[in-house]
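Scroll down for the structure; my scribbles are underneath it.
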Amino acid sequence: MLKNLLCRRAAAGEGGSSNVFSMFEQSQIQEYKEAFTIIDQNRDGIISKDDLRDVLASMGQLNVKNEELEAMVKEASGPINFTVFLTMFGEKLKGADPEDVILSAFKVLDPEGTGTIKKEFLQELLTTQCDRFSPEDVKNMWAAFPPDVAGNVDYKNICYVITHGEEKEE
């Protein structure tokens, strides 16, 4: 998932602006700092290709190609320190809709207002409409947001994660 976040962020404006810190709440900055610390495996304050390889290996992705790692690192205009890392996420989130907009879109699919959608229905939509999910995307979706025993998916949690980057604590 980290690989996707780093790879799919916006390509423009990669400099480390001091304004980037005003884009996030303090709690979000702390969460990104914790993520940065985990990724910076050698603790030198810079995320390198080797750091990415090590953290991906720790998540079970053992055969990541050098070209893929180099492409991730090259997305930044220079060394990926914490400010650049935060900027990369800020640029990615710039285009994201607010939570209420995403929630409203899901509510159209939930006329009874249950807060859930049937797994089969959501999977059909995701694999047949617009930017279609691949089988791997679907597998990752259910791993991240497993349906309950009745086959319902909590779309409120999905919306929260899309806009806040973490699962809501109940």
Side-chain angles (χ1 to χ4, degrees), residues 1-14 17 19-39 47 52 55-56 58-61 64 68 71-72 75-76 80 82-170:
M1 204 166 5
L2 166 69
K3 178 178 159 186
N4 290 340
L5 285 172
L6 290 174
C7 290
R8 295 190 322 197
R9 68 167 188 81
E14 294 168 330
S17 162
N19 262 350
V20 71
F21 291 94
S22 65
M23 294 175 60
F24 300 99
E25 296 175 16
Q26 191 59 39
S27 62
Q28 291 173 306
I29 293 172
Q30 183 57 38
E31 290 166 5
Y32 283 120
K33 184 65 175 171
E34 290 170 17
F36 180 86
T37 302
I38 291 168
I39 298 166
I47 294 176
L52 290 174
V55 78
L56 290 169
S58 74
M59 296 186 316
Q61 295 186 18
V64 182
E68 292 177 280
M72 284 187 256
E75 285 193 39
I80 305 173
F82 180 64
T83 303
V84 172
F85 180 78
L86 196 59
T87 302
M88 292 170 76
F89 279 95
E91 291 168 358
K92 174 67 181 154
L93 294 174
K94 247 189 245 177
D97 292 313
E99 185 175 4
D100 62 326
V101 172
I102 298 169
L103 203 52
S104 294
F106 273 107
K107 285 180 180 178
V108 169
L109 306 173
D110 178 25
E112 288 83 36
T114 63
T116 62
I117 300 174
K118 286 288 183 194
K119 173 189 174 188
E120 294 79 20
F121 178 60
L122 184 56
Q123 184 168 324
E124 181 182 341
L125 288 174
L126 294 173
T127 57
T128 63
Q129 306 296 315
C130 298
D131 292 332
R132 296 178 180 150
F133 274 40
S134 68
E136 182 71 17
D137 293 332
V138 171
K139 179 182 169 191
N140 291 337
M141 171 83 169
W142 301 141
F145 306 103
D148 64 19
V149 292
N152 297 308
V153 179
D154 177 1
Y155 64 80
K156 291 179 182 179
N157 186 45
I158 295 172
C159 293
Y160 186 87
V161 172
I162 289 170
T163 57
H164 294 85
E166 66 183 47
E167 194 166 342
K168 222 182 225 185
E169 290 182 20
E170 303 290 332

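These numbers were taken from a predicted model, which means no experiment stands behind them.
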- Message: Check the orientation of Y155 and F106. Use parallel for under 30°, tilted for 30 to 60°, and perpendicular for over 60°.
- Response: parallel
- Message: Rounded at 0.5 Å granularity, tell me how far SG in C159 sits from CD1 in I102.
- Response: 6.0 Å
- Message: Could you check whether any side-chain heavy atom of E124 comes within less than 4.5 Å of a side-chain heavy atom of E120, counting everything from C-beta outward?
- Response: no
- Are F36 and I47 close enough that some pair of their side-chain heavy atoms sits under 4.5 Å apart? yes
- Query: When you look at F121 and V153, which way does the side chain to side chain contact (heavy atoms under 4.5 Å, CB included) test go after all the steps?
  - Reply: CA-CA 10 Å; F121 178 60; V153 179; over 6 Å; no
- Message: Applying ring pair (Phe, Tyr, Trp, His ring centres under 6.0 Å), can you list everything that pairs with F133, at least two apart in sequence or on another chain?
- Response: none
- Task: Hey, could you give me the CE/CG distance between M72 and L56, rounded to the nearest 0.5 Å?
- Result: 5.5 Å
- Item | Atom pair CG (D154) and OG1 (T114), whose distance is rounded to the nearest 0.5 Å | 9.5 Å
- Task: Return the set of residues passing side-chain hydrogen bond (donor to acceptor under 3.5 Å, both in side chains) with N152 (not counting sequence neighbours), or none when no residue passes.
- Result: K118
- Does some side-chain heavy atom of I158 sit less than 4.5 Å from a side-chain heavy atom of M141? yes
- Message: I'd like to know if the side chain of D137 reaches the main chain of S134, judged simply by a donor and an acceptor atom lying under 3.5 Å from each other, with no hydrogens or angles considered.
- Response: yes
- For K119 and P147, which heavy atoms make the closest approach, and how far apart are they? CD-CG, 3.4 Å
- Query: Looking at side-chain heavy atoms only, is the closest gap between F82 and T37 below 4.5 Å?
  - Reply: no
- What are the two closest non-hydrogen atoms of M88 and A76, and how far apart are they? SD-CB, 4.2 Å
- Message: If the condition is side chain to side chain contact (heavy atoms under 4.5 Å, CB included), which residues does Q26 pass it with, not counting sequence neighbours?
- Response: I29
- Message: Rounded at 0.5 Å granularity, tell me how far CG in L86 sits from CD1 in I80.
- Response: 13.0 Å
- Query: Hey, is the main chain of I117 close enough, under 3.5 Å, to the side chain of D110 for a donor-acceptor pair?
  - Reply: no
